[in-house]
*Asks:* 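Got a structure for you, written out below as structure tokens; questions coming shortly.
Counting convention: from 1, in listed order, for ligands and their atoms alike.
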Amino acid sequence: MNEPDNAAQPPNTPWTCPFCPLLCDTFGVDVGPPGTPLKLLGSDCPRARSALANFDATAGAGRPQVDGQDCHLDTALSTAASLLAASRQPLFGGLGTDVAGARALYALACETDAICDPAQGAAMMHGLRALQDRGGFSTTLAEVRMRADLIVCMTEEPTVHYPELFRRFGVEEREGVAVETLPLHGDLFDTVALLAALVAGRVSKDDARVPAGLAALSARLQAARYAVLVYESGRLPEQGALIIEAIQRIVGTLNRSTRAASLPLGGGDGASTVNQVFAWLSGLPLRSRAGPLGLEHEPLCFDAGRLLADGAVDTLLWVSSYGPEPAPPAAGVPRIVLGHPGMQLPPDAHELVFIPVSTPGISSAGHLFRTDGSVLLPLRPVYEDGLPSVGEVVRRLTQAVQALKRGRVQ
Ligand code: SF4
């Protein structure tokens, strides 16, 4: 991979938005005088606008803290390293970072036997579980834009969370592309299962018990030249992997006679990027640990919320560099937080180390994977805030932990 270009981009250069996994790269950012919130140019995307309001081009904002007191970065790093070196089972959560941050986190996780789970781990596991169990067909944003003639939203209106999605699909610019929303009949499990049966011809469309909307949708899917079934992992209920498997059954059936694919939406705040990096470095996705027993992947047991509730971990390293949220969860264990400088820290700062970090695509360079998984985009900063990146902090933390361990052995 090429070294990132650290130069802040000149005004009016297209900017890659890091605030959702669509990674729109045709808009711009207006950087006003220091202290003024950044403004989005070329789009009214509410998600990006609200995220940009957390940045005001102020250099050097945010100081490291230990137990609620401002301190030098070296002090915060050495306190954090002592906590990690003394921990018998650390948990790395949040994981809001980019490729370089993920690579550094993986090395630190190996050094400390940490378990790693992103902020939206449960949603991510739905897709991973389905992929591990049955595999699947998925497509890219570009392919949808070029070829799809029927787009079916399987989990309600996706533009609530991904405001530019239909623009990315080119829905308004192209003729002959239709957008449908899955009409619910019972719950989502029942509806997708019935649609799969209709598409496969196992249930007749003329059966009086079949709702007319679902029968019509199955006919449109069979008639489409290229149907794309879009779903948001974050909207799926527990056991959502079963719904994804049913969606893949529909796609597989259609592909016998025409062309179809799925398009999952999710893995924002760097989660899918960290997952890809961990997978290529270890062969395993997140909710894994490189520990004394070798590599372990436990998609249920390594749920961060469950581990904290059960008291199964004794230190939390929380990473959230894209904004003040998600903040670290309440936890009765020492916490090390690498976060946005505006993050609201809990009033009880006992055994809490806070290190403010830069944001990829705003105040530092970086790389993120897009929601379609096969496209890695470079991020360029729009201003310099002088804060270290997650990758830089974690590399120093790893060296400090290694030095402490060497000291113990000698
Ligand atoms: S849709 Fe997502 S990537 Fe595109 S501008 Fe909005 S927040 Fe940014």
*Asks:* Is there an N/O/S atom in C24 that lies less than 2.8 Å from atom 6 (Fe) of ligand 1?
*Replies:*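 Here the distance criterion (N, O or S atom, under 2.8 Å) is not met by C24, so no.
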*Asks:* Flag the pair D74 and R396 as a salt bridge only when some basic side-chain nitrogen lies within less than 4.0 angstrom of an acidic carboxylate oxygen.
*Replies:* yes
*Asks:* For ligand 1, does L40 get within less than 4.0 Å through its side chain, its backbone, both, or neither, judged by non-hydrogen atoms?
*Replies:* neither
*Asks:* Which protein non-hydrogen atom lies closest to atom 8 (Fe) of ligand 1, naming both residue and atom, and how far is it?
*Replies:*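 Minimum-distance protein heavy atom for atom 8 (Fe) of ligand 1 reads C17 SG, 2.3 Å.
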*Asks:* Quickly, which of S389, S364, S363 forms a side-chain hydrogen bond (donor to acceptor under 3.5 Å, both in side chains) with S358? Name it, please.
*Replies:*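 So the option named by the test is S364.
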*Asks:* What residue and atom, counting heavy atoms only, is the protein's closest point to atom 2 (Fe) of ligand 1, and at what distance?
*Replies:*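 Ranked first by proximity to atom 2 (Fe) of ligand 1 is C20 SG, 2.3 Å.
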*Asks:* For ligand 1, is any non-hydrogen atom under 4.0 Å from C45's backbone (N, CA, C, O), its side chain (CB onward), both, or neither?
*Replies:* side chain
*Asks:* For the ring pair F302 and H297, is the centre-to-centre distance below 6.0 Å?
*Replies:*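 Not under 6.0 Å, so no.
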*Asks:* If I compare all heavy atoms of T371 with all of G266, which pair ends up nearest, and what's the gap?
*Replies:*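 Reported closest heavy-atom pair: OG1-N, 3.3 Å.
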*Asks:* Closer than 4.0 angstrom, basic N to acidic O: yes or no for E164 and R168?
*Replies:* no
*Asks:* Relative to the heavy atoms of L23, which atoms of ligand 1 are at a distance of less than 4.0 Å?
*Replies:*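 Going through ligand 1 atom by atom, the ones under 4.0 Å from L23 are 3 (S).
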